[in-house]
Amino acid sequence: MLATIAVQGLVDTRGSVVAQLFAHAISGLALVAAARASGLRRRWRRAVNVLVAAVLILSVATLTYRRADGTQTVPPETVWLLAAALTPVLIARRVLQHTVVTVQTIMGSVAAYLQIAVTYAFLFQTLDAFTSTPFFGEDVPTTTYMYFSLVTISTVGFGDVAAVTDLGRMAAASEAVIGQVYLVTFVALIVARFAAGMPRASAAVGAGGVPGGARAPRTLFEALDSSRTQQPPPEGEPEEPEDGPPGRPGAEGSA
């Protein structure tokens with residue numbers, strides 16, 4: 001994901017067939033890596049490999065075949081849009097299968113989030129190619145689309161570049177909404193599983209100190225409820241005096 005963003009954000013591929021193939025092939029490699037790491041069956045992994053190979057061939061065809069006026073019939077970004085959109089789905093599917101939150105779970109969640117920005121960068125370039133008005137109102141380097149996508153999904157909104165068409169504005173707004181919904185839902189599930197796994201040691205001891213008397217919380221709300229019940233007494237509240245060693249209740253009274 002980091003390599004894809006770095007290439008898309010730093011390399012202007014206008015007028016260079018080799019640069020375009022290199023930049024777009026990285027997205028295909030990311031999809032192949034996501035398919036292998038997501039635990040798909042072998043036949044589905046083969047299908048993903050075939051899809052990436054077919055998209056690569058179509059990308060070469062779109063770069064070489066042009067109209068009589070010299071413009072491309074279909075931009076390669078449109079061809080790679082499917083591969084880029086499928087990658088975060090595979091990553092999220094694998095992350096949700098983790099029963100224990102690990103470093104791979106966190107890295108997978110971040111990778112899926114960043115891949116959404118890569119997908120929208122391809123979508124913005126596709127809209128620019130199929131609309132009469134340029135996406136930003138003027139011709140810009142291809143690196144601007146990746147920059148604009150990252151700024152939009154993070155809801156920073158610097159305002160130095162902005163979509164000028166109605167369709168482009170709607171696409172940018174949908175990226176901002178999807179990015180925030182991803183953070184408050186998908187990441188919240190990861191946090192819930194992480195919080196549910198933390199108090200297992202204390203939850204293994206049930207009422208009366210009997211091991212196994214209570215189960216570990218499965219949701220974030222259950223973890224919060226269990227933490228409330230285990231809070232220390234409020235400051236200033238007197239603690240109950242000890243009557244004596246264990247097994248001798250009311251030692252002072254009997255004396």
Side-chain angles (χ1 to χ4, degrees), residues 1-31 51-52 55-56 58-89 111-183:
M1 297 300 105
L2 295 179
T4 302
I5 292 177
V7 173
Q8 294 288 339
L10 298 176
V11 179
D12 186 7
T13 60
R14 292 179 302 175
S16 176
V17 176
V18 177
Q20 291 186 15
L21 288 177
F22 175 73
H24 299 149
I26 293 181
S27 296
L29 293 177
L31 177 58
L51 174 63
V52 172
V55 171
L56 182 61
L58 290 175
S59 178
V60 174
T62 56
L63 289 172
T64 55
Y65 182 75
R66 298 175 179 271
R67 298 190 184 95
D69 57 356
T71 59
Q72 296 175 350
T73 54
V74 178
E77 292 78 14
T78 304
V79 180
W80 285 106
L81 180 60
L82 175 61
L86 187 59
T87 304
V89 176
Y113 181 74
L114 295 177
Q115 184 61 30
I116 295 176
V118 175
T119 303
Y120 268 93
F122 285 135
L123 177 61
F124 296 153
Q125 295 181 67
T126 300
L127 295 178
D128 181 72
F130 286 100
T131 54
S132 57
T133 303
F135 187 85
F136 296 110
E138 59 182 0
D139 188 23
V140 297
T142 56
T143 56
T144 306
Y145 296 95
M146 189 71 253
Y147 163 76
F148 178 74
S149 182
L150 289 174
V151 171
T152 302
I153 197 172
S154 59
T155 64
V156 176
F158 289 124
D160 49 351
V161 289
V164 298
T165 62
D166 293 336
L167 187 59
R169 292 171 179 171
M170 182 61 65
S174 66
E175 181 183 13
V177 171
I178 290 177
Q180 295 306 303
V181 170
Y182 176 90
L183 293 178

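Just so it is clear, the model here is predicted, and its values are computed rather than measured.
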State the [atom1]-[atom2] distance between [X] and [Y], to the nearest 0.5 angstrom.
| X | Y | atom1 | atom2 | value |
| --- | --- | --- | --- | --- |
| Leu2 | Ile26 | CG | CD1 | 11.5 Å |
| Glu175 | Thr155 | CD | OG1 | 10.5 Å |
| Leu31 | Gln115 | CG | CD | 8.5 Å |
| Leu183 | Ile153 | CG | CD1 | 7.5 Å |
| Thr13 | Phe22 | OG1 | CZ | 12.0 Å |

(request) Compute the centroid of each ring, for Phe135 and then for Phe124, and state whether the two points are separated by less than 6.0 Å. (result) yes
(message) Under a 3.5 Å distance rule, please check whether Thr119 uses its side chain to pair with a backbone N or O of Ala84 as donor and acceptor.
(response)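 Yes.
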(request) Examine distances only and state if a side-chain atom of Ser149 and a backbone atom of Ala117 form a donor-acceptor pair shorter than 3.5 Å. (result) yes
Side-chain contact test, heavy atoms from C-beta onward, threshold under 4.5 Å: evaluate it for [X] versus [Y] and give yes or no.
| X | Y | value |
| --- | --- | --- |
| Val118 | Met1 | no |
| Leu82 | Leu51 | yes |
| Tyr145 | Asp128 | yes |

(request) Sequence neighbours left out, what pairs pass salt bridge (Lys or Arg N to Asp or Glu O under 4.0 Å) with at least one residue falling in residues 2-13? (result)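 As it turns out, the salt bridge (Lys or Arg N to Asp or Glu O under 4.0 Å) pairs with a partner in residues 2-13, which skip direct neighbours, are Asp12-Arg14.
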(request) Could you pull out the closest heavy-atom pair between Thr4 and Ala30, with the gap in Å? (result) OG1-CB, 4.4 Å
(message) Please give me the minimum heavy-atom distance between Phe136 and Thr144, naming the atom from each residue.
(response) CE1-CG2, 4.0 Å
(request) Would you please name every residue forming a side-chain hydrogen bond (donor to acceptor under 3.5 Å, both in side chains) with Ser174, sequence neighbours left out? (result) Tyr120
(message) Evaluate Thr142 against Val11 for side-chain contact (heavy atoms from CB on, under 4.5 Å), listing each step before the verdict.
(response) CA-CA 8 Å; Thr142 56; Val11 179; over 6 Å; no
Would you tabulate the side-chain donor-acceptor contacts of residues 158-167 under 3.5 Å, counting partners in other chains and residues two or more places apart, or write 'none'?
from   : atom 1 : to     : atom 2 : distance (Å)
Asp160 : OD1    : Tyr147 : OH     : 3.3
Asp160 : OD2    : Tyr147 : OH     : 2.7
Thr165 : OG1    : Gly168 : N      : 3.1

